[in-house]
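Notes follow the structure.
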Amino acid sequence: NAYLQSSAAQGGGSVDEEAILANIMETIASRIVVDELARAGNVTTDPAKEDEFLKNAMGGADQAAFDEQIATTFGWSQEEFRARIIRPVTLANAVQASIVNDESRQTERKQKAQEAYDRIAAGEDFATVASEVSAHPSAAAGGDVGAVPVADIPEEHKETLAALAVGEYSGVIDSEAGFMIFKVTARAGKGAEETVSVSLILVEKVLLEDVVQEYYLTHRNWRFFGNS
């Protein structure tokens, strides 16, 4: 109720309670799944991450002002805010990391990327494979990302791209974003002005949201109807 009243006051009008409550119910359901996944995977929260989250949430405000804001917005104490918001979020982040690094969960996606690589190695056009396989927005352009300043390339990919001559493509790269294959199509400039034109195939990794949706599909019926 405190949240609904605060939202109405801040927005200057009425609040769609039905939509908000629907979002709350979805959040609660997702939280239950995350808790079960955490227990199954023996994943716990890191108190240091919780403290970091709280510090970021405070945004430089002093403790008293932040506590007042929490009380006004949610009707909670800081400890309730930590228990209801911070802890679930940091736990979800920990479960996400566990899923991303779980080779057994990623096998199918990695295989999909390997199959894309094998097609290119067998002579298929990189752009054709990218348009069919890649989850990156550049797929519509055959994977063409365009000219990227070398200085702007993420550190994890600089060495890979530096090793590729124009026209060459990489193997399957296991990155945080997913399984990637790069192709260098042009280079220009030198030093601080150097750019590299890149094409990309991205196969996204299985993420927490995928596992949650899978859980819903396999567990929703018996949960709603009370079957064991």
Side-chain angles (χ1 to χ4, degrees), residues 23 26-27 30 33-34 37 41 43 49 56 89-90 92-218:
N23 287 334
E26 186 69 21
T27 299
S30 296
V33 176
V34 169
L37 291 170
V43 177
K49 294 290 186 182
N56 291 335
V89 170
T90 54
N93 289 341
V95 173
Q96 167 90 302
S98 174
I99 290 169
V100 167
N101 293 312
D102 185 344
E103 292 187 6
S104 64
R105 287 191 184 276
Q106 304 301 335
T107 298
E108 189 174 320
R109 301 291 177 91
K110 186 175 183 178
Q111 181 60 35
K112 182 178 180 180
Q114 185 60 50
E115 289 170 357
Y117 174 87
D118 292 342
R119 288 173 61 184
I120 297 165
E124 285 195 56
D125 180 53
F126 189 100
T128 299
V129 177
S131 66
E132 295 176 1
V133 175
S134 183
H136 193 269
S138 65
D144 183 12
V145 178
V148 180
V150 170
D152 293 344
I153 296 172
E155 286 296 327
E156 66 174 322
H157 301 313
K158 280 187 176 180
E159 185 175 346
T160 296
L161 291 173
L164 296 175
V166 173
E168 291 184 337
Y169 52 88
S170 71
V172 175
I173 307 298
D174 184 344
S175 74
E176 185 175 342
F179 300 103
M180 311 173 84
I181 304 171
F182 294 101
K183 180 179 180 179
V184 171
T185 57
R187 291 186 181 276
K190 293 184 178 180
E193 303 299 319
E194 184 181 2
T195 64
V196 55
S197 295
V198 179
S199 289
L200 167 69
I201 293 173
L202 168 67
V203 177
E204 294 177 324
K205 288 188 172 181
V206 174
L207 301 176
L208 175 58
E209 62 190 78
D210 301 313
V211 177
V212 169
Q213 289 303 314
E214 180 185 359
Y215 190 97
Y216 284 160
L217 291 174
T218 56

Which residues pass the side chain to side chain contact (heavy atoms under 4.5 Å, CB included) test with Ala121, not counting sequence neighbours? Tyr117, Tyr169
All heavy atoms of Ser138 vs all of Leu200, minimum pair found to be OG-O, 4.1 Å
Any non-hydrogen side-chain atom of Val129 less than 4.5 Å from a side-chain atom of Ile201? yes
Counting distance only, does the side-chain N/O of Asn101 pair as donor-acceptor with the main-chain N or O of Ala97 below 3.5 Å? yes
Sequence neighbours excluded, the answer for salt bridge (charged side-chain N to carboxylate O under 4.0 Å, His left out) partners of Lys112 is none
Which heavy atom of Thr185 sits nearest a heavy atom of Ser199, and at what distance? CG2-OG, 3.8 Å
Partners meeting side chain to side chain donor-acceptor pair (under 3.5 Å) with Thr128 (sequence neighbours left out): Asp125
Holding to salt bridge (charged side-chain N to carboxylate O under 4.0 Å, His left out), I want the full list of residues that pass it with Glu124, two or more places apart in sequence or in another chain. Arg119
Testing the basics here: between Ala130 and Gly142, what is the closest heavy-atom pair and its distance to 0.1 Å? CB-O, 3.5 Å
Could you tabulate the donor-acceptor pairs under 3.5 Å formed by side-chain atoms of residues 149-160, not counting sequence neighbours?
from	atom 1	to	atom 2	distance (Å)
Glu155	OE2	Lys158	NZ	3.1

Those residues that, when tested against Asp118, pass side chain to side chain donor-acceptor pair (under 3.5 Å) (two or more places apart): Gln114
Minimal heavy-atom distance between Ser30 and Val212, with the atoms involved, is OG-CG1, 4.2 Å
Please enumerate all residues that pass salt bridge (charged side-chain N to carboxylate O under 4.0 Å, His left out) together with Glu194, with sequence neighbours excluded. Arg187
Side chain to side chain contact (heavy atoms under 4.5 Å, CB included) partner of Val203, the single match among Met180, Gln106, Arg109: Arg109
Please assess Phe179 against Ile173 for the test side-chain contact (heavy atoms from CB on, under 4.5 Å), listing each intermediate value before the final yes or no. CA-CA 5 Å; Phe179 300 103; Ile173 307 298; over 6 Å; no
According to side chain to side chain contact (heavy atoms under 4.5 Å, CB included), who are the partners of Asn93, at least two apart in sequence or on a separate chain? Val89
For Gln111, the side chain to side chain contact (heavy atoms under 4.5 Å, CB included) test, sequence neighbours excluded, returns Glu115
Check side chain to side chain contact (heavy atoms under 4.5 Å, CB included) between Ala139 and all other residues, then give those that pass, not counting sequence neighbours. Ser134
Would you say Val148 and Thr195 make side-chain contact, with heavy atoms under 4.5 Å? no
Contact list for residues 119-146, test ring pair (Phe, Tyr, Trp, His ring centres under 6.0 Å), sequence neighbours left out: none
Testing the basics here: between Val95 and Val43, what is the closest heavy-atom pair and its distance to 0.1 Å? N-CG1, 3.9 Å
Partners passing salt bridge (charged side-chain N to carboxylate O under 4.0 Å, His left out) against Asp102 (at least two apart in sequence or in another chain): Arg105
Under the side-chain contact (heavy atoms from CB on, under 4.5 Å) criterion, do Ile99 and Leu207 qualify, and how do the steps go? CA-CA 6 Å; Ile99 290 169; Leu207 301 176; 5.8 Å; no
Can you name the nearest heavy-atom pair linking Leu202 to Ala177, along with the distance? CD1-O, 3.9 Å
Non-hydrogen side-chain atoms of Ser197 and Val184 separated by less than 4.5 Å: no
